[in-house]
Student: 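One structure, as structure tokens, below. Some questions next.
In listed order, ligands and their atoms are each counted from 1. All residue numbers in this chain count up from 1 along the given sequence.
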Amino acid sequence: MLVEKNVPLQPYNTFSIVARAHTLVRVLQEADVRAVLADPELGPAPKFVLGGGSNIVLTGDVRPVVLKVEIPGRRLVGETPKAWIVEAGAGENWHDFVSWTLDQGWPGLENMALIPGTMGAAPVQNIGAYGVELQDRFESLDAIDLETGRAFTLDAAQCGFAYRDSVFKHVADGRAPGFGLAGRALITRVRLALPKAWRPVLGYLDLERRMAETGIVKPTPRQIYDWVCEIRRAKLPDPAVIGNAGSFFKNPTVTAEQCADIIAREPRIVHYQLADGTVKLAAGWLIDACGWKGKSIGQAGVYEKQALVLVNRGGGEQGATGGEVMTLAKAIQTSVYERFGIRLEPEPVVV
Ligand code: EPU
């Protein structure tokens with residue numbers, strides 16, 4: 001086990017925020033976690049699990065011991081009559097894994113191409129894009145309990161997946177014992193079930209537009225992958241060029257009555273009817289309507305092409321601080337609340 005001190009975290013968070021880890025340990029295998037837990041100094045200390053750093057806002061130096069998950073490996077571990085079961089180490093890059101599964105002839109992840117981050121982080125916020133969420137392809141995961149050192153496996157139901165949410169984002173409280181695993185579990189391996197009878201998922205407006213433009217009515221998985229990459233590159237900033245953490249807010253849901261009320265005032269509001277009768281509103285549209293696109297507070301800004309994405313306009317040491325990002329986020333929340341009566345909820349984890 002190699003323990004590093006005073007480690008710059010700027011290369012390890014896609015927002016490119018300057019901060020340091022007092023102590024950082026790279027986790028390459030399960031035994032590294034057990035070594036940390038058995039260590040007289042590190043064992044009892046608070047811990048912070050870091051994956052690809054694509055969904056966090058660092059608001060200062062990180063005092064808990066940073067466990068940077070770099071567990072490698074991807075392989076076919078089984079098959080059922082309906083699916084290929086494919087496993088990846090939590091440190092594998094999500095997009096590389098998507099490309100690899102397509103190369104192997106196991107489609108099913110193409111709608112989620114180019115989402116930044118690691119395999120281990122994917123279940124935490126139940127990543128999703130263009131009509132497919134991780135939970136639609138999830139089989140099970142292995143994790144280690146950072147309090148007891150015990151390894152355990154969870155299936156989809158036990159992960160408590162919901163829109164950009166899971167058991168890993170909730171802290172245990174007396175109300176639902178055993179539910180909250182935030183800060184407690186380190187995900188080591190993730191298994192996905194990729195359907196043998198592949199069917200394209202094309203219901204998303206941006207993909208329908210591509211079909212109309214190209215005249216392709218029966219796209220292959222590779223074609224959908226290419227379209228998704230094109231669409232994302234056109235409207236989302238590349239974190240390697242402009243620091244960001246993807247969508248900064250979740251799309252809020254409201255009741256049908258609340259929605260009718262808002263539509264009466266704002267007829268152009270972008271909304272989607274959900275199966276349970278509630279309505280999802282496009283947070284990007286709400287923020288855009290409040291005039292935030294392209295605006296900045298300090299070095300933190302609202303991306304010009306997609307108001308749901310906050311960006312770091314500076315580079316190196318001169319970049320945005322986590323404080324500036326959160327000040328901008330709060331100002332946006334206030335103006336959306338004042339105009340629409342809707343509270344936006346941040347998507348990334350604020351550290
Ligand atoms: N819109 C505006 N102005 C804006 C941004 C969006 O009017 O500045 C409108 C768009 O015109 C569109 C609607 O809002 O009608 C929705 O926008 P978009 O299709 O870009 O999707 P989104 O709701 O903003 C969500 C996910 C993305 C995911 C896309 C595609 C959330 C929080 N975000 O974005 O996920 O890639 O759908 O499925 O659910 C992420 O989580 O980091 C992420 C990028």
Student: What are the two closest non-hydrogen atoms of Ala283 and Lys250, and how far apart are they?
Tutor: CB-O, 3.7 Å

Student: Can you pull out the closest protein heavy atom to atom 7 (O) of ligand 1? Residue, atom name and distance to 0.1 Å, please.
Tutor: Trp285 CD1, 3.2 Å

Student: Would you mind listing which atoms of ligand 1 come within a distance below 4.0 Å of any non-hydrogen atom of Asn251?
Tutor: 23 (O), 31 (C), 39 (O)

Student: Please find the pair of heavy atoms, one from Arg26 and one from Asp32, that lie closest to each other, and give the distance.
Tutor: O-OD2, 3.8 Å

Student: Evaluating non-hydrogen atoms only, which member of Ser247, Ala307, Gly131 is closest to atom 43 (C) of ligand 1?
Tutor: Ser247

Student: Pairs of nitrogen or oxygen atoms closer than 3.5 Å, one from Gln125 and one from ligand 1: do any exist?
Tutor: no

Student: Distance to 0.1 Å, residue and atom name: give those for the protein heavy atom nearest to atom 16 (C) of ligand 1.
Tutor: Tyr272 OH, 3.3 Å

Student: Under 6.0 Å from the CZ atom of Arg222, do we count more than 12 heavy atoms belonging to anything else shown?
Tutor: yes

Student: Among all protein non-hydrogen atoms, which one is nearest to atom 14 (O) of ligand 1, and what is the separation to 0.1 Å?
Tutor: Ala282 CB, 3.3 Å

Student: What do you reckon, is CD of Glu317 surrounded by more than 12 foreign heavy atoms closer than 6.0 Å?
Tutor: no

Student: Specify whether the nearest protein heavy atom to atom 11 (O) of ligand 1 is under 4.0 angstrom away.
Tutor: no

Student: Atom 31 (C) of ligand 1: which of Tyr163, Tyr130, Phe249 has the nearest heavy atom?
Tutor: Tyr163

Student: Atom NZ of Lys169 and atom CG of Asn55: how far apart are they, to the nearest 0.5 Å?
Tutor: 6.0 Å

Student: Just need the protein heavy atom nearest to atom 15 (O) of ligand 1, so name the residue and atom and give the distance.
Tutor: Val270 CG1, 3.5 Å

Student: Please identify which atoms of ligand 1 are closer than 4.0 Å to at least one heavy atom of Gly246.
Tutor: 42 (O)

Student: Quick one: nearest non-hydrogen protein atom to atom 5 (C) of ligand 1, plus distance?
Tutor: Gln306 OE1, 2.7 Å

Student: I want to know if ligand 1 touches Lys305 in the polar sense, i.e. an N/O pair below 3.5 angstrom.
Tutor: no

Student: Determine the minimum heavy-atom distance between Arg20 and Asp61, stating which atoms define it.
Tutor: N-OD1, 2.8 Å

Student: Do Leu181 and Asp145 have side chains that get closer than 4.5 Å, going by heavy atoms?
Tutor: no

Student: With atom 34 (O) of ligand 1 as the reference point, say which of Leu308, Leu344, Asp288, Ile269 has the nearest heavy atom.
Tutor: Leu308

Student: Please state which protein non-hydrogen atom is closest to atom 26 (C) of ligand 1 and give its distance, to 0.1 Å?
Tutor: Arg164 NH2, 3.5 Å

